[in-house]
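Heads up: numbering here begins at 1 and tracks the sequence.
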Amino acid sequence: MAPGLLSDAGDGATGPSATPKPTVYVLDPFKPQVIEFVQQHFDAILPGTPGHQDWRAKAQYLLIRSSYLTAQDVDNCPNLLAIGKQGVGIDKIDAAACAARGIKIFNTPGVNARAVAELVLALASSVARCTGAITRRQNAGKPVPKETCKGLILHKRPIGVIGMGNIGKTVATIFRGAYEAPIIAYDPYMPADAWSDLPHTRVSSIEKLLRASDIVSVHVPLTDSTRNLIALPELRLIGPEGIVINTARGGIVNEADLESAVREGIIWGAGLDCHEQEPPTQERYGSLWMENVVSTPHIGAATEQTQIETGMAAAQRLHEYIAARGSQ
């Protein structure tokens with residue numbers, strides 16, 4: 001459990017003189033440790049319990065992990081003040097509708113950085129050594145002669161990190177340590193002194209990063225400006241031994257163009273934890289899942305430790321907001 005996420009003992013005290021607990025409607029399943037914290041500090045209305053179906057009409061505070069909250073939902077929540085959101089992404093919440101009403105959204109950036117970054121390493125290594133395809137061949141029941149296998153060495157290959165936030169920096173640190181990789185970074189929104197403690201080369205455009213990188217790892221949100229950020233023209237800049245890793249959001253890398261690039265040998269391969277359709281299916285992605293492509297169903301934060309830490313962080317930040325609001 002991450003340090004500092006639990007409040008001081010006694011905060012959930014009860015009795016005649018105790019301050020009533022604020023009510024929070026929990027819209028999704030959370031780890032038992034998170035539910036224990038929520039029940040200690042809130043009057044928690046959990047899924048399936050009496051009155052939960054009235055959350056739109058009554059809720060001032062919500063705790064969300066994977067549920068959608070549409071603009072219509074927001075319109076139907078006249079009392080809503082704040083949302084605790086497990087995880088970094090808020091693309092399932094209509095942020096514009098919340099902003100128009102002054103509804104706060106407390107997500108958990110940085111808490112899942114290590115888990116996602118380790119998956120980036122695993123995907124890159126798997127793509128480089130074609131372990132997915134080799135395993136599938138073995139599972140088909142026939143021996144796989146090692147002479148029929150191929151792979152790349154990743155040692156000292158430059159990695160381009162698009163997005164210099166918490167996850168991007170953790171990825172850069174891991175690859176620098178594991179592979180002695182030169183780090184190329186791009187982020188037009190970060191200050192000039194970002195990553196001052198991490199040796200790297202900062203570039204001024206996506207194109208410069210792609211030309212300089214053998215591995216490209218994407219760590220930006222999906223927005224109008226990042227949709228199809230990497231399409232066929234960009235993929236051509238990487239080179240035939242290039243590897244693209246997307247653990248951010250489906251749609252940032254153009255999937256049809258990526259399939260063409262791998263099939264035609266424009267790049268070596270790709271590791272995808274994010275897809276436009278989630279979870280990804282064989283029907284949609286069977287033609288993309290070729291020898292040099294490794295695909296996982298958005299499992300970047302799917303570790304026991306990370307699920308506890310991100311859930312706790314969302315509940316804690318919501319609790320801190322309510323406490324600060326009550327003291328005003």
Side-chain angles (χ1 to χ4, degrees), residues 66 87-89 91-92 112-113 115-136 151-152 154 157 159-163 165 167-168 170-172 174-175 206 209-210 213-223 226-303 306:
S66 58
V88 179
D91 46 295
K92 292 184 177 181
N112 67 347
V116 176
E118 289 188 5
L119 181 62
V120 173
L121 181 72
L123 289 171
S125 301
S126 296
V127 172
R129 300 304 298 268
C130 303
T131 56
I134 293 168
T135 301
R136 288 194 294 271
L152 297 176
L154 296 184
R157 287 183 181 267
I159 178 170
V161 180
I162 301 175
I167 296 174
T170 307
V171 168
I174 288 177
F175 273 77
I206 293 285
L209 180 141
L210 297 174
S213 304
D214 287 337
I215 306 161
V216 176
S217 193
V218 177
H219 303 286
V220 294
L222 178 63
T223 65
T226 63
R227 185 174 295 278
N228 296 318
L229 183 69
I230 298 179
L232 195 57
E234 290 75 27
L235 292 166
R236 292 186 185 280
L237 300 177
I238 305 173
E241 292 191 345
I243 294 173
V244 173
I245 306 294
N246 183 10
T247 57
R249 286 291 185 271
I252 298 172
V253 179
N254 184 291
E255 293 173 345
D257 287 359
L258 180 65
E259 180 180 338
S260 297
V262 176
R263 190 174 302 282
E264 296 171 22
I266 294 169
I267 64 171
W268 176 267
L272 306 174
D273 189 43
C274 300
H275 304 74
E276 290 191 87
Q277 178 199 80
E278 294 192 348
T281 62
Q282 174 71 24
E283 181 180 10
R284 170 78 177 265
Y285 291 104
S287 60
L288 174 60
W289 291 342
M290 59 193 89
E291 183 177 26
N292 288 14
V293 176
V294 177
S295 172
T296 51
H298 212 145
I299 63 168
T303 72
T306 304

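Val216 is not listed as a side-chain neighbour of Glu234, based on a closest heavy-atom distance of 4.5 Å or more. Put simply, the side chain of Thr247 does not reach to within 4.5 Å of the side chain of Val171, judged on heavy atoms. Using a 4.5 Å heavy-atom cutoff, the side chains of Val293 and Leu258 are not in contact.
Looking at Asn292, its side chain does come within 3.5 Å of a backbone N or O of Trp268 through a donor-acceptor pair. In this structure, Thr226 contributes its side chain and Leu229 its backbone to no donor-acceptor pair below 3.5 Å. A donor-acceptor pair under 3.5 Å links the side-chain atoms of Glu278 to the main chain of His275, judged by distance alone. Using a distance-only test at 3.5 Å, with no hydrogens or angles considered, no donor-acceptor pair links the side chain of Asp214 to the main chain of Arg157. A donor-acceptor pair is defined here as one N or O able to donate and one able to accept, closer than 3.5 Å; such a pair exists between the side chain of Tyr285 and the backbone of Gln277.
Between Ala261 and Leu232, the shortest heavy-atom distance links the atoms CB-CD1, 4.2 Å. Closest heavy-atom contact between Val294 and Ser126: CG2-CB, 4.0 Å. Pairing each heavy atom of Ile299 with each of Asp273, the nearest pair is N-OD1, 2.7 Å. Of all heavy-atom pairs spanning Gly251 and Glu276, the tightest one is N-CG, 3.5 Å. Between Asp257 and Ala231, the closest heavy-atom pair is OD2-CB, 3.3 Å. Of all the heavy atoms in Ile159 and Ser217, the pair that sits closest is CD1-CB, 4.3 Å.
Once rounded to the nearest 0.5 Å, the distance linking CD of Glu264 with CD of Glu259 reads 10.0 Å. Between the CD1 atom in Ile238 and the CG atom in Leu210 there is a gap of 5.0 Å [rounded to 0.5 Å]. Atom CD1 of Ile215 is separated from atom CD1 of Ile267 by 12.0 Å, given to the nearest 0.5 angstrom. Considering CG of Leu209 and CD1 of Ile162, their distance stands at 5.0 Å, rounded to 0.5 Å. Rounding to the nearest 0.5 angstrom, the gap separating the CZ atom in Arg249 from the CG atom in Asp91 is 4.0 Å. A distance of 9.0 Å separates CG of Leu123 from OG of Ser295, quoted to the nearest 0.5 Å.
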Show the numbers, then the answer: is there a side chain to side chain contact (heavy atoms under 4.5 Å, CB included) between Leu288 and Leu272?
CA-CA 11 Å; Leu288 174 60; Leu272 306 174; 3.7 Å; yes
Hey, mind stepping through Ile230 and Leu235 against side chain to side chain contact (heavy atoms under 4.5 Å, CB included) and telling me if it holds?
CA-CA 7 Å; Ile230 298 179; Leu235 292 166; 3.6 Å; yes
Chi angles and distances behind the side-chain hydrogen bond (donor to acceptor under 3.5 Å, both in side chains) call for Thr306, Asn112:
CA-CA 6 Å; Thr306 304; Asn112 67 347; over 6 Å; no
